[in-house]
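Shown next, in structure tokens, is the structure this report addresses.
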Amino acid sequence: QLQASGGGLVQAGGSLRLSCEASGRTFSYYRLGWFRQAPGKEREFVATVRWRGDRTSYADSVKGRFTISRDNAKNTVYLQMNSLKSEDTAVYYCATSNRLVDGYRSYEYDYWGQGTQVTVSS
């Protein structure tokens with residue numbers, strides 16, 4: 001199970017940190033990811049990190065502004081979002097995969113959190 005939190009309303013240029021706390025069979029996780037979905041658009045990849053290891057990957061649209069990290073002791077993955085833009089407005093979802101996948105596509109993930117709304121005002 002995944003519980004996402006940290007969303008809210010922020011002005012353009014501001015920052016937010018999203019959290020996603022995992023429970024249950026966390027030892028079986030291979031990869032964690034963040035995706036987002038804006039109204040009328042498809043869910044899109046934001047960032048991913050392996051549950052064990054430091055290698056991260058980002059969508060071009062957020063590279064240099066967002067940072068994904070995890071705290072294995074707390075079973076939590078974070079998404080630090082800086083220099084937010086109005087186009088970052090979306091519902092953000094965290095997800096995990098037990099499979100050896102690259103993590104760029106939503107179908108590679110097995111479990112999803114409930115989503116947290118991020119609204120950036122211009």
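Note that the numbering runs from 1 along the sequence shown for the chain.
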Mind checking whether R70 and D54 have side chains closer than 4.5 Å, heavy atoms only? yes

Tell me, do L32 and L2 make a side-chain contact under 4.5 Å, heavy atoms counted? no

Determine whether E108 and R31 make a side-chain contact, defined as any pair of heavy atoms from C-beta on separated by less than 4.5 Å. no

Mind checking the SG-CH2 spacing from C20 to W34? Nearest 0.5 Å is all I need. 5.0 Å

Interatomic spacing from OG in S122 to CD in Q11 - rounded to 0.5 Å: 9.5 Å

Within the structure provided, determine whether R36 and V62 are in side-chain contact (heavy-atom separation under 4.5 Å). yes

Could you label the plane-to-plane angle of the Y29 and W51 rings as parallel, tilted or perpendicular, counting under 30° as parallel and over 60° as perpendicular? perpendicular

I need the minimum non-hydrogen distance between F45 and S57, along with the two atoms involved. CZ-O, 3.6 Å

Hey, any chance Y104 and L79 share a hydrophobic cluster, counting ILVMFWY side chains that come within less than 4.5 Å of each other, even indirectly? no

Hey, does S15 have a side-chain heavy atom less than 4.5 Å from the side chain of N82? yes

If I take atom CD from residue Q3 and atom OG1 from residue T116, how far apart are they, to the nearest 0.5 angstrom? 9.0 Å

Tell me which pairs pass ring-ring contact (aromatic ring centres under 6.0 Å, His included) where either residue lies in residues 61-99, with sequence neighbours left out. none

Do M81 and V10 have side-chain heavy atoms sitting under 4.5 Å apart? no

Taking T56 for the side chain and V49 for the main chain, is one N or O donor matched with an acceptor at less than 3.5 Å? no

R99 CZ: over 12 foreign heavy atoms closer than 6.0 Å: yes

Atom pair CD/CD of Q37 and Q117 - distance to nearest 0.5 Å: 11.0 Å

Between D60 and K63, is there a side-chain N and carboxylate O pair less than 4.0 Å apart? yes

May I ask you to test the Y109-T48 pair for a side-chain heavy-atom distance under 4.5 Å? yes

Is any side-chain heavy atom of Y58 closer than 4.5 Å to one of T67? yes

Crowded around K41 NZ? As in, over 12 foreign heavy atoms under 6.0 Å? no

Should we say atom CD of Q1 is surrounded by more than 12 heavy atoms from elsewhere, each under 6.0 Å from it? no

Distance from L16 atom CG to Q80 atom CD, nearest 0.5 Å? 8.5 Å

Shortest non-hydrogen contact from A4 to C94? CB-SG, 4.1 Å

Would you check if the side chain of E21 reaches a backbone N or O of N75 as a donor-acceptor pair within less than 3.5 Å? no

